[in-house]
2 protein chains.
Amino acid sequence: MSTVLVVDDDPALVRALTINLRARGYQVHAAATGAGALQLAATDAPDAVVLDLGLPDMDGSDVIAGLRGWTDVPILVLSAREHSRQKVAALDAGADDYVVKPFGMEELLARLRAAIRRGTPTPAEPRITTEDFTIDLSAGRVTADGRDVKLTPTEWHLLEVLARHPGKVLDHGRLLTEVWGPAYREQTNYLRVYMATLRRKLEPDAAHPRHLLTEAGRGYRFEP
Amino acid sequence: MSTVLVVDDDPALVRALTINLRARGYQVHAAATGAGALQLAATDAPDAVVLDLGLPDMDGSDVIAGLRGWTDVPILVLSAREHSRQKVAALDAGADDYVVKPFGMEELLARLRAAIRRGTPTPAEPRITTEDFTIDLSAGRVTADGRDVKLTPTEWHLLEVLARHPGKVLDHGRLLTEVWGPAYREQTNYLRVYMATLRRKLEPDAAHPRHLLTEAGRGYRFEP
DNA sequence: GTGCGTTGCCAAGGCAGCGTCAAGATCCGG
DNA sequence: CCGGATCTTGACGCTGCCTTGGCAACGCAC
């Protein structure tokens, strides 16, 4: 999960932000001064920084410059002042976004999500590995001991749906609807045929599958 | 020089933005509808998009989704409405920034600079080599054993799109929208024709391609 | 053990998708 | 206005995928 560095000298605001961010699954570190912020940013390598411009010890632009000297971490600036000139200065100093206080928490969180999303142009390796094969969802390929496995469109589509819900049992109706469309909800034989070919192509022993499992009477499950 | 696509149905605002952006050295293209915006974005490949949410023909989120389906170009959203919920929706749909009308021109320009600065963090090696040929993306040239290979504009465009996503399967719709525009999403025969000429010009054995591969039923893939 | 529903497996026919070719249509420089 | 390059369009086999039906194996309830 992502780490966020919150920099503000108002303890109440820091606490409010911390609570909201933690509730969304972020890890939060806080600093009350510009010097502390630079220090923490260097040691923690956060995924985003929320920075109040009105710090007691340093000018906001200097904090931004201090960060930008060595990192491209997204910086989201908070400020009580509406002054346009200051916004321009902060953005040109290298900030990624600017939010005026008082702000809505939902908006701040959305802007933070947008900033972090941009900050990681590698949206994580969407790659799922088992002991016997590897699925690369973004590249749309499957490899088994080094070699590319050739899958037909339908085979791939079915595998993709299963792999996106690892460990979960997906019932027939759901799989059929997602792969073939709502009109095919009753054609459970399709599933039998295609699960069979997937097992033949991916499982070491198709007769005793280890990853493409049947949950009798309920559906199928993918186990990494 | 950066190109900016301005999307707004208010001619006065479009003119004001155009004048200001041109004065700063940007190249400006404009659209008044969502459909026009998607079309222009596909053909012009702008470096940033300024998008008004209140378009006559499409919902703003749909325009964002239509762009995000195939490009990471920075999107800066304009809206008259202050509603927080709409901001959140636009940002989560993939927008990079959100500015409430009326806005200060200086602030808008600063945010635009920040967005474009973020959007081009890849000076990177714009050169891709395979065993049989080399693609120089920045120079727009391809060489096969020392000699320049002559490509027509369309051939080059198609090769470029494939080469920018090495190893990934790109489906027909995506390739067609990027090379020919959204209106050609169904013309899969274009792909067949141009993949054939690319193979003839680049592959040692066009009948058994090693780098320009077809993923039957799903799309094409470039393998370095 | 028996009966029933569910699942795995196989093979054959129809057909969609792909590669290929060639003939207009269009664009562009001279 | 002409000639060549480029793009568009249609047609035609062919490969291989999807569909379909039938049958055997299996597990579970009785």
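Sequence lines set the chain letters: A, B, ... in the order given, protein chains first and strands last, and positions in each chain run from 1.
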Exercise. Can you tell me which residue pairs pass the salt bridge (charged side-chain N to carboxylate O under 4.0 Å, His left out) test with a partner in residues 51-63 of chain B, sequence neighbours excluded?
Key: B:Asp52-B:Lys101

Self-check item: Qualifying salt bridge (charged side-chain N to carboxylate O under 4.0 Å, His left out) pairs, either residue in residues 190-201 of chain B, two or more places apart
Solution: B:Glu155-B:Lys201

Which residues share a salt bridge (charged side-chain N to carboxylate O under 4.0 Å, His left out) with [X], sequence neighbours left out:
| X | value |
| --- | --- |
| A:Arg185 | none |
| B:Asp148 | B:Arg141 |
| A:Glu186 | none |
| B:Asp9 | none |

Exercise. Output all residues satisfying ring-ring contact (aromatic ring centres under 6.0 Å, His included) with A:His211, sequence neighbours left out; order by chain, then residue number.
Key: A:Phe133

Self-check item: For B:His157, all residues meeting ring-ring contact (aromatic ring centres under 6.0 Å, His included), sequence neighbours excluded
Solution: none

Sub-3.5 Å pairs of nitrogen or oxygen atoms, protein against nucleotides 26-30 of chain D:
none

Quiz item: For A:Arg22, what residues pass the side-chain hydrogen bond (donor to acceptor under 3.5 Å, both in side chains) criterion, not counting sequence neighbours?
Solution: none

Exercise. Estimate the overall bend of the helix from C:dG1-D:dC30 to C:dG30-D:dC1 from the end axes over five pairs each, rounded to 10 degrees.
Key: 40°

Practice problem: Using a 4.0 Å cut-off on protein heavy atoms (strictly under), produce a 5'-to-3' string for nucleotides 10-30 of chain C with B for base contact, S for backbone-only sugar-phosphate contact, and - for none. | Solution: B------SBBBS---------

